[in-house]
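So the structure is just underneath, and the comments pick up after that.
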Amino acid sequence: MKKKKKSNLKFILLMIFVPLITFFGTIFVYETFFDHTIPSVEELKKEKKKDNYSDKDDKKDVSNYVNELPNLRAQYGNNDIYGRLELTQLNINTLVTRSVNNSYYLDRNIYKQVDGLGVPFFDYRNQDLANNRQINIYGHNTQNVNFLSQLPFVNLTAYTDKNIFDNYKTVYLSIDEKQIEYEVIAIKIITDGNNEHMKLIFYSDDDFVNHAAKMINGSLYTNNATVTKDDKLLVLQVCHYDPPGSYLIVICKEKK
């Protein structure tokens, strides 16, 4: 009887402590993975407005790029790390993964551990990041305030504020070959299965140019930039809740 009681006690303790260890382990992952806590979108917009958008011209010299990705793969034990995405002015600085499909990193973290918060990832069809005409990156959003600081793509929704769109257009993507500077050219809310931005295979120059025009058409905001056959695009996608079930996409063009 005593042995049975001890066994039951051990089982109860395991049921209590395993979830706690998992929870605090997840917190540790995100504290080490992200450079800083990401404020809520509303706090971010208020902060930028208060400072009169004074940091809008924050630029990097991409010619002096040093590739840190091999060291990061070793650090996290994850060879699926293929890039780093930075929107400095929006407090976004995150590693980007890629798998053999677009579902694996929906519920896994940078250590490949099962985690509902996921991690930003490239579309699996983007196999040649240095040359793809369009690169897509996906990330989670949330309405749970407890997880806001752990999901970098949440801050992309600040672009629904035209002041943010007008003043913060610089995006950096670091891949093995180089660091690429992009300019945000359009913000669009996708509803009703309008998935033009998911097209990544183009059969001609005209096909690509027509695709870009369709994708930008109907944007919430745009700077009226022209996309030619020689341009390259970056599209960032995050879930949006206004209206429910929609997506926000940030369309960017590589700077030459």
Thinking salt bridges, do [X] and [Y] make one under a 4.0 Å N-O criterion?
X	Y	answer
Arg133	Asp205	yes
Asp80	Arg108	no
Glu42	Lys45	yes

How about [atom1] on [X], more than 12 heavy atoms from neighbouring residues, nucleotides or ligands closer than 6.0 Å, or not?
X	atom1	answer
Lys178	NZ	yes
Asn195	CG	yes
Lys256	NZ	yes
Tyr247	OH	no

Inset, instruction - May I have the step-by-step check of side-chain contact (heavy atoms from CB on, under 4.5 Å) for Lys60 and Glu86, ending in yes or no? - result: CA-CA 11 Å; Lys60 289 186 177 185; Glu86 298 173 76; 2.6 Å; yes
Inset, instruction - Take the angle between the ring planes of His211 and Phe202 and call it parallel below 30°, perpendicular above 60°, tilted in between. - result: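 Taking Phe202 first and then His211, their aromatic rings sit tilted (interplane angle of 30° to 60°).
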Legend entry - Minimum side-chain heavy-atom gap Lys112-Tyr105 below 4.5 Å: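 A side-chain contact under 4.5 Å exists here.
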Legend entry - pair Tyr172-Glu181: side-chain heavy atoms closer than 4.5 Å: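 Tyr172 reaches Glu181 side chain to side chain.
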Polar side chain donor-acceptor pair, [X] to [Y], under 3.5 angstrom:
X	Y	result
Glu196	Asn194	no
Ser63	Asp61	yes
Asn126	Tyr82	no
Asp206	Ser204	no

Legend entry - Any donor-acceptor pair under 3.5 Å from Tyr159 side chain to Tyr168 backbone: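 Yes; judged by distance alone, with no hydrogens or angles, the pair exists.
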Legend entry - Residue pair Val41, Asn155: steps toward the side-chain contact (heavy atoms from CB on, under 4.5 Å) verdict: CA-CA 6 Å; Val41 172; Asn155 275 9; 3.9 Å; yes
Legend entry - Audit row: Lys199, Asp207, side-chain contact (heavy atoms from CB on, under 4.5 Å) steps and yes/no: CA-CA 10 Å; Lys199 179 176 179 176; Asp207 187 25; 2.6 Å; yes
Inset, instruction - Applying side chain to side chain contact (heavy atoms under 4.5 Å, CB included) between Val250 and each of Thr157, Ile185, Val171, Leu156, report the one that passes. - result: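 It is Leu156; the other options fail the test.
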